[in-house]
Amino acid sequence: MTVHPPPGRHRLDALLAGLRVPVRREDIAAGLAALAADPELDDIALVSILAEAIRGRLKRAEDEGAMTHPERARAEARLEDWRRQRLGELHARARHRHEGEVVAALTLARWVASFTAARAMRRRILAFLGPTNSGKSHAAFDLLAAAPRGAYLAPLRLLAWEGQERLAERGVSASLLTGEERRVRPGDTHLSATVEMADLSTPVPVAVVDEVQMLADEDRGWAWTQAVVGCPAKTLVLAGAPEAEPLIRRLAGLTGEPVELRRFERMVPLSVLRRPVPLARTEPGDAIVCFSRRDAFALREGLIARGRPPAMVYGALGPEVRRAEAERFRDGTAPVLVATDAVGMGLNLPIRRILFAATTKYGGLGPHLIRQIAGRAGRFGHYPEGFVGVLEGEDPEPIASAIEHPPPALEGPMRVLPRESQLLEIGRRLGAPSLLRVLTAVAERFRWPGAGFALSRLEDAFSIAEIAAAARLSLKDSLGYLGCPVDLRDRAASQALLAWARRHAHAASVAAPALPRRLLARRLAGDPADLAEAERAAKLCTAYLWLAQKWPATYGEAESARAVQETLNGYIERSLRQGASARLRKRWRAEAG
């Protein structure tokens, strides 16, 4: 005859596993009695009941002489270790279960519904899709300028400036809103802003979201997803590459709105150069594209040595300097441009030939990016034809293949981030924890995979959360630091941000970054290292100005930060225009023979 253990015995055995004190029959009886009295008893309460029962038994054993006082003390210490470990595990399990329930409440439907201004209207979605140099942006700006009010959402601060100018050319006055600046003028009817700064609460007749193919970008794609779903525009114009069409249609299906598609064709032909071009054979109107700052400076020095000082455009440059460098190329002062892939997004420049100095890139140089960059060649109104090729030493085949075979449609997943109000709500329901715990819960529990969405990459967000935790900022203030344009890979910049956040947490004011006078003792940068240091200092000013937009009382020296930034930008611009290290000049002359 099989003897079955009483109900609850397996549960008790599992809880008591790891206890280094002998378990007696009376301990089990106490646990079973507790379960019989309250069948809903949870494991946390049951562990406490068991610990008390065993502690009482140990005391009786000492009183009856069955064990000495030191033996009882050692047994109780082992009992306490078990109790703490088991309760820690159970609390963690309960917390994770609770976190899962809290984050699971952030459903796709609730996220879409949270954009109340957009959901309150029936939007008309127009997709202007075509390759670079096809006139889609021109058509979008014409439509925007004809509206009584509207907004242009740009991928870069530089392009938000350009958008303001393009509207001004059409007789429309537009305010400017980026992370670092807010130039809102009374009487302006339109707004030109970076996409992360989109106003999602004020309805407008027309809004334009540019470079909509960024929906698939792992890092910043969430801002485009948010803008497409949440922008409250009666007519929403989405301008970008043709391969973005499936993503646009998926989002429109989510909101239940129709899409009107208008296709644009390239206005000038683009031809592939079959033979590599020597650096010595570069011509006015050429843009040489590379994928590292080091290569960009080596190319610059090589062109200077050959009597062709170039303009430069690369990611680490501040927008003001990039704009000045672009203007030098535009007006012919610098006949050749050296650029990283920053040239691929916007920047309407009179480029005749795009020459790739490299056909590989960290993170991948896929056909989408090649076509985006190459399409800048052959500016309509400047050249009847554009050309794309490679510098000598590179294989032209990857470039030719990307141009001659259109890339496949983008399928996603589209990136998304919970909104600030939703992260605050998650924090409230978790007991107002740190931003670090909120992000950890979201990263571990977020699930919308079947809908074609994925959580945006959170590496930088976690770095900011760690800084906020070290500074002891509140959850609400910590959320305000997310997206701060500080270079988190730069230890000095991270330390500066931590010092600022600590002063903020103590309600103290934060001084603007100081001018690095040692660096500026010379009028020009002596070598690329000096220039890199100036760029880092200018970028720290950008971070300060970004924070000053959110907390003007705490970061109250915005004008000083702007003055330091302008001085540094002048130094960088002069160095790019005039400077070249003697060592590199000598090397290039030797190589040139």
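Along the sequence shown, the residues carry numbers beginning at 1. None of the values given here were measured: they were computed from a predicted structure.
- A donor-acceptor contact under 3.5 angstrom links the side chains of Glu211 and Gln213, judged on distance only.
- Checked by atom type and distance alone, the side chain of Ser401 never pairs as donor or acceptor with a backbone atom of Pro398 at under 3.5 Å.
- Ion pairing of Arg328 with Glu325 is present here, as a side-chain N (NZ or NE/NH1/NH2) and a carboxylate O approach within less than 4.0 Å.
- Using cut-offs of 30° and 60° for the angle between ring planes, the Trp500 and Tyr555 rings count as perpendicular.
- Counting only distance, with no hydrogens or angles, the side chain of Asp188 and the backbone of Ser175 share a donor-acceptor pair below 3.5 Å.
- Checked for salt-bridge contact, Arg274 and Glu404 meet the test: a charged N lies under 4.0 Å from a carboxylate O.
- Pro516 approaches Ala537 most closely through the heavy-atom pair CG-CB, 4.1 Å.
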Side chain to side chain contact (heavy atoms under 4.5 Å, CB included) between Arg419 and Leu200: does it pass, once the steps are laid out?
CA-CA 11 Å; Arg419 304 181 69 186; Leu200 302 177; 4.1 Å; yes

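- When every heavy atom of Pro407 is checked against every heavy atom of Glu243, the shortest pair comes out as CG-OE2, 3.8 Å.
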Before giving the answer on side chain to side chain contact (heavy atoms under 4.5 Å, CB included), spell out for Tyr544 and Val564 the whole-Å C-alpha distance, their side-chain angles and the decisive distance to 0.1 Å.
CA-CA 11 Å; Tyr544 186 95; Val564 170; over 6 Å; no

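- Listed by first and then second residue, the salt bridge (Lys or Arg N to Asp or Glu O under 4.0 Å) pairs involving residues 541-564 are Glu559-Arg562 (not counting sequence neighbours).
- A salt bridge links Arg330 and Glu327; the closest N-O separation between the charged side-chain nitrogens and carboxylate oxygens is under 4.0 Å.
- Of all heavy-atom pairs between Val338 and Ala296, the closest is CG1-O, 3.7 Å.
- The minimum heavy-atom distance linking Ser478 with Ala468 is given by the pair OG-CB, 3.3 Å.
- Atom CZ of Arg489 sits in a sparse spot, with 12 or fewer heavy atoms from other residues, nucleotides or ligands closer than 6.0 Å.
- Using a cutoff of 4.0 Å between basic side-chain nitrogens and carboxylate oxygens, Arg220 and Glu196 are scored as salt-bridged.
- Scanning both residues, Ala357 and Leu391, for their nearest heavy atoms gives CB-CD1, 3.8 Å.
- Heavy atoms from other residues, nucleotides or ligands lying under 6.0 Å from CZ of Arg281 number 12 at most.
- Below 30°, between 30° and 60°, or above 60°: for Phe141 and Tyr152 the angle between ring planes is between 30° and 60°, a tilted geometry.
- Contact of the Trp224 side chain with the Leu238 side chain is not registered, since no non-hydrogen atoms from C-beta on lie closer than 4.5 Å.
- Of the possible donor and acceptor atoms, one in the side chain of Arg415 sits under 3.5 Å from a partner among the backbone N and O of Leu455.
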Do Arg379 and Asn133 pass the side-chain hydrogen bond (donor to acceptor under 3.5 Å, both in side chains) test, and can you show the C-alpha distance, the side-chain angles, and the key distance before you say yes or no?
CA-CA 7 Å; Arg379 187 72 192 160; Asn133 272 330; 2.7 Å; yes

